[in-house]
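Note: hydrogens, waters and symmetry copies are ignored here, and every other heavy atom, side chains too, is used. The structure displayed is predicted, hence computed values, not measured ones.
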Amino acid sequence: MPSSYLCNMSKKVRVRFAPSPTGGLHLGGVRTVLFNYLFARQHDGDFIVRIEDTDQNRFVKGAEAYIFECLQWCGLNPDESVLQGGPYAPYRQSERKEIYRQYAEQLVKDGRAYYAFDTPAELERMRDLLKTKGSSSLQYDHHVRMNMNNSLRLLPEETQQLLDAGTPYVVRIKINPDEFVPFTDMIRGEISFDTNAVDDKVLLKADGMPTYHLAVVVDDFLMKITHAFRGEEWLPSAPVHILLWQYLFGLENMPQWAHLPLILKPDGNGKLSKRDGDRLGFPVYAMDWADPVTKEITKGFKEIGFLPEAFINLLAVLGWNDGTEQEIFSMEELIAKFNIEKVHKGGAKFDFEKAKWFNHEWIKKLDVSHYAERVKNIFESKGITIADDAYLKKVMELVKERCTLLPDFFTQGNFFFQAPATVDTTSIQPKWDEKKNMFFVELIKSWQLSTLWNSGELEISFKELAAANQLKTGELMLPLRLMLVGGKFGPGVFEIASAIGKESTIKRIEYTLALLQ
RNA sequence: GCCGCGUUGGUCAAGAGGUUAAGACGCCUCCCUUUCACGGAGGAAUCACGGGUUCGAGUCCCGUACGUGGUACCA
């Protein structure tokens, strides 16, 4: 059964992600991109990234390039953007400034918007007055606009005079009272707003830049966007956008809306913020973000050792699932199975433990050759240079089911490359005796002569020697592990001995033997 | 305050009037493994509350509570 939102199949699906370059790329932002991307791909549509940089005060240098790096890491590459261009360029709103003005003027001409000359101080005075009157609304709307300094109240000549004199002004939309603005949200169904609760939003700012409200509508039209997915925080301003569509381009050309649920903090309620991540010890941004002013670095999922596959996977199932028990999805599966109508309405608390579980699952099925370089770098940062790639891959294969995050390859595998820095003998020291000592002395002699150095042979000779000495194998396995690994963890001991080689094995046994004397 | 949206175990969630209310994470027990992990078996724990509608409500309706978002010349 074709879904209702696809009834007009004559139009090619086009979606967009429209971030503001103001800082790190938040989990919620990535999920918004992901849902857009998935929808575009499954409908053979286009995925556009448009930079919404209309607020010069909040612009942060480097943030735009950073966003694209994050998208690339996630594998969410746009079809059109400031990077590769496209038929609807420019894709940066600051470069489209003049386009928006035309539409603002058009709205004024049509009587759907007006010039407002109120200064910030005057606006403040208006709100203070409203407050003292006990008004339930502090909005600039039909209740107050005829008392304000705008082209609705002023005579046309007066307005023209102010305009000619270069008086700073904004353009505000004129919202009619007592109207209903209904629309269909792909996730929430029918939603209706009462215009009495919406204010005369500023469309064009005094600096000539559009606000989000004007820019999003104009650009979505010009760029032929068919489906607009954005965060739930935009729901309250949806009526403004819908009215703008109605006034400017016609409702029949308006994209289908979907307002995505928020990602909430793990404890308590509320939107997940960077602060929560810092406080609870997990990242909130996709990649490390270095604030250009404070130089402060905020950790990203990539840098703490998440796989992009896992990151995408965990984000996809935060607020969405396909109705089956499946939890592990590759990008291809997501493209095939994602359904925007099955996205939850309510926000989801972020659970870092579960996030790590996804990473663990993906590391278990990881193609080691794909990540050998990355792991090699981790080892190098810890002072271990790896020359033998084949050996590294073998080690990775041996320990990967024990790794949750990429750096775990170091903690789980460093003893394959160097003798353990410390050997914790506390658990064997009390029961250590001369008999055991002699066993290992003999074991060294025996292994020294061994020509077949593989785990099977090693295990057999070990057990035979134990039997000959009337010792239980079980009492000797842990000491051997401690000698080779330094702690109670890791793959099978004989596998380890086999991998690190005869010389290292014997050296490590001798070292701990001396320690135990 | 006003407007909107939401609410199934601790968390993510399945669920479209009739189910012993799936499954996953985390936690606990056991098995496997002479380590850890993986794997396997099991356990504790839930429909926010109150009214309706109905033979029957987690599912539909209305209230209430709680939460959350918005209420900027920010997006």
Pair up each side-chain donor or acceptor in residues 407-417 of chain A with any protein partner under 3.5 Å, not counting sequence neighbours, and list the distances.
{"unit_1": "A/D408", "atom_1": "OD2", "unit_2": "A/T404", "atom_2": "N", "d": "2.8"}
{"unit_1": "A/D408", "atom_1": "OD2", "unit_2": "A/L405", "atom_2": "N", "d": "2.9"}
{"unit_1": "A/T411", "atom_1": "OG1", "unit_2": "A/D408", "atom_2": "O", "d": "3.1"}

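- Residue A/N321 places at least one side-chain N or O under 4.0 Å from the OP1 or OP2 atom of B/A14.
- A donor-acceptor distance shorter than 3.5 angstrom exists from the side chain of A/S151 to the backbone of A/Y115, with no hydrogens or angles considered.
- Taking side-chain N and O atoms only, A/K488 has no distance below 4.0 Å to OP1 or OP2 of B/A37.
- The distance between atom NZ of A/K364 and atom C1' of B/C25, rounded to the nearest whole Å, is 13 Å.
- Of the nucleotides present, none pairs with B/A16 by Watson-Crick or G-U wobble criteria with both distances under 3.5 Å.
- At whole-Å resolution of the value, CD in A/E341 and P in B/A16 are 17 Å apart.
- Judged by distance alone, the side chain of A/S330 and the main-chain N or O of A/E333 form a donor-acceptor pair under 3.5 Å.
- The residue A/F193 sits close only to the backbone: its heavy atoms come under 4.0 Å of sugar-phosphate atoms, none of a base.
- If you check residues 394-424 of chain A against RNA chain B, the residues with a heavy atom closer than 4.0 Å are A/E401, A/R402, listed by number.
- B/A13 atom C1' lies 15 Å from atom CG of A/L314, rounded to whole Å.
- Residues that satisfy the side chain to side chain donor-acceptor pair (under 3.5 Å) test with A/R481, not counting sequence neighbours, are absent from this structure.
- For A/D118, the side chain to side chain donor-acceptor pair (under 3.5 Å) partners at least two apart in sequence or on another chain are A/Y140.
- Partner assigned to B/A44 is none, using Watson-Crick or G-U wobble distances below 3.5 angstrom.
- The shortest distance between the side-chain N/O atoms of A/H344 and the OP1/OP2 oxygens of B/A14 is below 4.0 Å.
- The distance from atom CH2 of A/W357 to atom P of B/A24 is 9 Å, rounded to the nearest whole Å.
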Can you give me every donor-acceptor pair (side chain of residues 354-363 of chain A, partner residue at least two apart or in another chain, under 3.5 Å) with its distance?
{"unit_1": "A/K354", "atom_1": "NZ", "unit_2": "A/E327", "atom_2": "OE2", "d": "2.9"}
{"unit_1": "A/W357", "atom_1": "NE1", "unit_2": "A/E361", "atom_2": "OE2", "d": "3.4"}
{"unit_1": "A/H360", "atom_1": "NE2", "unit_2": "A/E401", "atom_2": "O", "d": "2.8"}
{"unit_1": "A/E361", "atom_1": "OE2", "unit_2": "A/K364", "atom_2": "NZ", "d": "3.1"}
{"unit_1": "A/W362", "atom_1": "NE1", "unit_2": "A/N313", "atom_2": "OD1", "d": "2.9"}

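- Of the C1' atoms belonging to B/C32 and B/G39, the separation is 8 Å, rounded to the nearest Å.
- A salt bridge does not link A/K97 with A/D207: none of the charged nitrogens is closer than 4.0 Å to a carboxylate oxygen.
- Summarising the base pairing, B/C73 is matched to no nucleotide, lacking a Watson-Crick or G-U wobble pair whose two defining distances lie under 3.5 Å.
- At the heavy-atom level, A/G492 lies under 4.0 Å from base atoms of the strands shown.
- For the pair A/K349 and B/U11, the criterion of a side-chain N or O lying under 4.0 Å from OP1 or OP2 is met.
- Base-pair partner of B/U53: not found among the strands shown (Watson-Crick or G-U wobble, both distances under 3.5 Å).
- Checked against salt bridge (Lys or Arg N to Asp or Glu O under 4.0 Å), A/D219 has the following partners two or more places apart in sequence or in another chain: A/R50, A/R96.
- Partners of A/K265 by salt bridge (Lys or Arg N to Asp or Glu O under 4.0 Å), not counting sequence neighbours, listed by chain and number: A/D276.
- For A/Y511, there are no ring pair (Phe, Tyr, Trp, His ring centres under 6.0 Å) partners, not counting sequence neighbours.
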_Where protein sits on nucleotides 68-75 of chain B, one letter per nucleotide: B base, S sugar-phosphate only, - none, heavy atoms under 4.0 Å_ = SBSS-BBB
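- Counting non-hydrogen atoms under 4.0 angstrom, A/V317 reaches the backbone sugars and phosphates but no base.
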Would you be so kind as to tabulate the donor-acceptor pairs closer than 3.5 Å made by side chains of residues 168-179 of chain A, with sequence neighbours excluded?
{"unit_1": "A/Y169", "atom_1": "OH", "unit_2": "A/R101", "atom_2": "NH1", "d": "3.1"}
{"unit_1": "A/R172", "atom_1": "NH1", "unit_2": "A/D200", "atom_2": "O", "d": "2.7"}
{"unit_1": "A/D178", "atom_1": "OD1", "unit_2": "A/N196", "atom_2": "ND2", "d": "3.0"}

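- Taking the side chain to side chain donor-acceptor pair (under 3.5 Å) definition, one finds that A/W447 meets it with A/S461, sequence neighbours left out.
- Comparing the C1' positions of B/A75 and B/G69 gives a spacing of 14 Å, expressed to the nearest Å.
- Between A/K431 and A/E475 there is no salt bridge, since no side-chain nitrogen of the basic residue lies less than 4.0 Å from a carboxylate oxygen of the acidic one.
- Nucleic acid contact for A/K365: none, since no nucleic acid atom lies under 4.0 Å from a heavy atom of the residue.
- Nucleotide B/U7: paired with B/A65 (Watson-Crick or G-U wobble, both distances less than 3.5 Å).
- The distance between atom CD1 of A/I191 and atom P of B/G4, rounded to the nearest whole Å, is 11 Å.
- Contacts of residues 459-484 of chain A with RNA chain B (heavy atom under 4.0 Å): A/T473, A/G474, A/M477, A/R481.
- As a whole-Å value, the separation of A/D322 CG from B/A22 C1' is 13 Å.
- For B/A22 and B/A45, the P atoms lie 13 Å apart once the distance is rounded to whole Å.
- Summarising the geometry, the separation between CD on A/E325 and C1' on B/A21 is reported as 14 Å, rounded to the nearest angstrom.
- Put simply, CG on A/L318 is 12 Å from P on B/A14, counting in whole angstrom units.
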